[in-house]
Amino acid sequence: MTQPRSYVHVRNLDKVYRSKQADIEALKSIHLDIQEHEFISVLGPSGCGKSTLLKCLAGLEPITSGEVILNGAPVKSPPDNMGIVFQRDILLDWRNILNNVLFITEIRGAKRTDYEDKARTLLKRFGLEGFEHKHPWELSGGMRQRVSICRALLDNPELLLLDEPFGALDAMTRDDLNLELARLWQETKKTVLFITHSIAEAVFLSTKVVVMSSNPGKIDEILDIELPHPRALNVRETPEFGEYVQHLRGHFTTLGVLQEG
Amino acid sequence: MGWLEKNNRLLSSMIVLIVCVILWEIACHILQVRPFILPAPSAILIEMIEDPNYFIKHAGYTLMTTLAGFALAVVLGVLMAVGIVHSVFLDRTLYTLLVALNSVPKVALAPLFVIWMGTGSEPKIAIALMIAIFSIVIDTVLGLRSVDKDMIDMARSARATTMQVLFKIRFPCALASMFAGMKVGISFALIGAIVGEFVAGETGLGHVILLSQGMFDTARAFVAIVILGIMGTILFYTVEAVERILLPWHTSQRVNTQ
């Protein structure tokens, strides 16, 4: 095998969940390369193993076979230069917003004073100034997910993993956060892996869309999205955008995941 | 009575209680119930006022025994629960054993403690501890286990140690469940203390009840029972008040989330 040059390098990744009844092949022969500063979306139906793929990259799930290499080193435990945003915000109710944002650095043993100003700046950037001392239950769903994005970003990770972060939000909040995320990527050029089941969201945000199908979870297609950056929401009304969406939807229709009429 | 339900739980229950006591008083006089069968509330009150120091001394002893047993049950119970949650071996042995032991009527074991520990405070504290500990262990284990998996993954993504996960995630998550166990536990500790005093010793409200029985001094027994009732209620609400202070996120505010 040649020396990997990409930032994230996945070869022949298999993930099998063993149970007494049956072995479940969650991921089968996954090959994936992510270059630095790319925004990759992983698109697929529920149960196709896209979240499992993210957890394998994050070092949260052991892999069954194959290799996952991040920045030249095999991933065995969660790496330091990574931030994760989960499907639900999973904020800690007993901490105020500021202390929630500081949670990851606190676990990593960093001094609070080194990050407190940064946490405040991040919260401000995400429109949460003045909420530092509120508690999670006092915030709306969209605000809570923003806080969890701040928490993931605080230690300035090179790699940002997002596991269907906007799935539970209403359409307007979702658009809003998509724009926010696009802007963030534009400014910081972090390497992003974004899991979603929304075709439009994937096309809007990504430089590349990875299409997965289930049983066993595998990659069917990797599609480059060659729309210019930065993208405004109305890019969704252009014919090029429509073509990408149509292409991807066609893919899922053939798979039988989407049924017309 | 609608305004009462809305207004004040304490006030409405006090009114019901007072009405019952008045009915009791009237019934005793009309039906000419003999005092050693059922003394009138007024007789009980007189009994209490005549020698308050006597009751204060014995109630204080019972209270101390209860609190000591309860405190030990909390410390040991939580330690055991942590062990059970983190060790498959302890889960299979200790936890299974505890659940099995819990089905033994623990009151039946009380005389053994007197044989082992004598007639001082020790056996009473031990019995209070033994009766109170089960609900604390079982509810704490439940609480520590029912932590959101994503929450643990979030902590693990920063390579949190087992101790960090325990103190920063599991314990705060488990607090509500732990308090449920402690609220049951505090009442059980009081039962344990009384059982201990029944079995041996010369102090405590349990001893007062036993002594009054021997002398057919029913009024005195009732005073002890009334004090026990008040003590149990205050202990329970004290635990609940501590819960409210420690878990502001879990009580009233929590209603309208998600």
Side-chain angles (χ1 to χ4, degrees), chain A residues 51-52 54-62 75-96 99-100 102-110 134-141 143-145 148 151-152 154-155 157 159-165 168-169, chain B residues 78 82 85-86 88 91-92 139-140 142-182 239-258:
Chain A
S51 288
T52 308
L54 178 135
K55 285 193 171 138
C56 289
L57 294 188
L60 290 171
E61 282 282 356
V75 172
K76 292 204 173 70
S77 62
D80 276 333
N81 51 357
M82 167 196 80
I84 303 193
V85 179
F86 293 85
Q87 202 162 357
R88 288 169 304 127
D89 50 71
I90 44 170
L91 298 181
L92 310 177
D93 276 323
W94 52 92
R95 288 168 164 253
N96 65 26
N99 287 336
N100 262 292
L102 287 164
F103 183 77
I104 295 288
T105 48
E106 182 183 314
I107 291 286
R108 286 179 176 155
K134 297 264 186 222
H135 280 80
W137 69 77
E138 297 171 281
L139 271 60
S140 69
M143 290 160 101
R144 291 172 63 117
Q145 196 55 284
S148 87
R151 176 175 63 192
L154 182 64
D155 213 2
L159 177 65
L160 190 59
L161 305 175
L162 302 109
D163 188 2
E164 285 185 47
L169 303 175
Chain B
V78 171
V82 169
V85 168
H86 285 93
V88 182
D91 182 30
R92 284 192 192 146
D139 281 343
T140 307
L142 182 77
L144 291 174
R145 283 215 175 119
S146 44
V147 176
D148 189 341
K149 170 117 189 348
D150 279 349
M151 214 174 254
I152 298 199
D153 271 349
M154 193 267 292
R156 279 180 57 219
S157 77
R159 286 208 300 271
T161 61
T162 311
M163 279 294 142
Q164 282 177 319
V165 172
L166 180 65
F167 284 104
K168 291 181 194 281
I169 305 272
R170 283 194 197 270
F171 265 130
C173 280
L175 272 178
S177 184
M178 287 165 74
F179 269 101
M182 283 193 265
V239 177
E240 199 169 82
V242 174
E243 180 184 12
R244 262 175 226 267
I245 293 165
L246 285 181
L247 283 92
W249 68 89
H250 217 279
T251 46
S252 53
Q253 295 94 328
R254 200 65 200 274
V255 182
N256 52 3
T257 54
Q258 287 178 354

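All figures in this text were calculated on a predicted structure; none of them were measured in a lab. Chain identifiers are assigned alphabetically (A, B, ...) following the order of the sequence lines, protein sequences preceding nucleic acid strands; residue numbering begins at 1 within each chain.
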query: How far apart are the closest heavy atoms of A:I90 and B:D148, and which atoms are they?
result: CG2-OD2, 3.6 Å
Interchain contact, A:Q87 with chain B, by part (heavy-atom threshold 4.5 Å): neither
message: Between A:W94 and B:C173, is there a side-chain heavy-atom distance shorter than 4.5 Å?
response: yes
- prompt: Does any heavy atom of chain A fall under 4.5 Å from the side chain of B:D153, the backbone, both, or neither of them?
  reply: both
query: Looking only at heavy atoms, which two atoms of B:A155 and A:I107 are closest? And how far apart?
result: O-CG2, 4.2 Å
task: List the atom of B:I169, the atom of A:F103, and the distance in Å for their closest heavy-atom pair.
output: CD1-CZ, 3.7 Å
- prompt: What pair of heavy atoms forms the shortest contact from A:L92 to B:K168, and how long is it?
  reply: CD1-O, 4.4 Å
message: If you compare all heavy atoms of A:L60 against all heavy atoms of B:S157, which two are closest, and at what distance to 0.1 Å?
response: CD2-N, 3.9 Å
- prompt: What part of A:L91 lies closer than 4.5 angstrom to a heavy atom of chain B: side chain, backbone, both or neither?
  reply: backbone
field: Minimum heavy-atom distance between A:R151 and B:M154, given as atom pair plus value
entry: NH1-CE, 3.3 Å
message: Holding to side chain to side chain contact (heavy atoms under 4.5 Å, CB included), I want the full list of residues that pass it with A:D80, two or more places apart in sequence or in another chain.
response: A:R108, B:R159
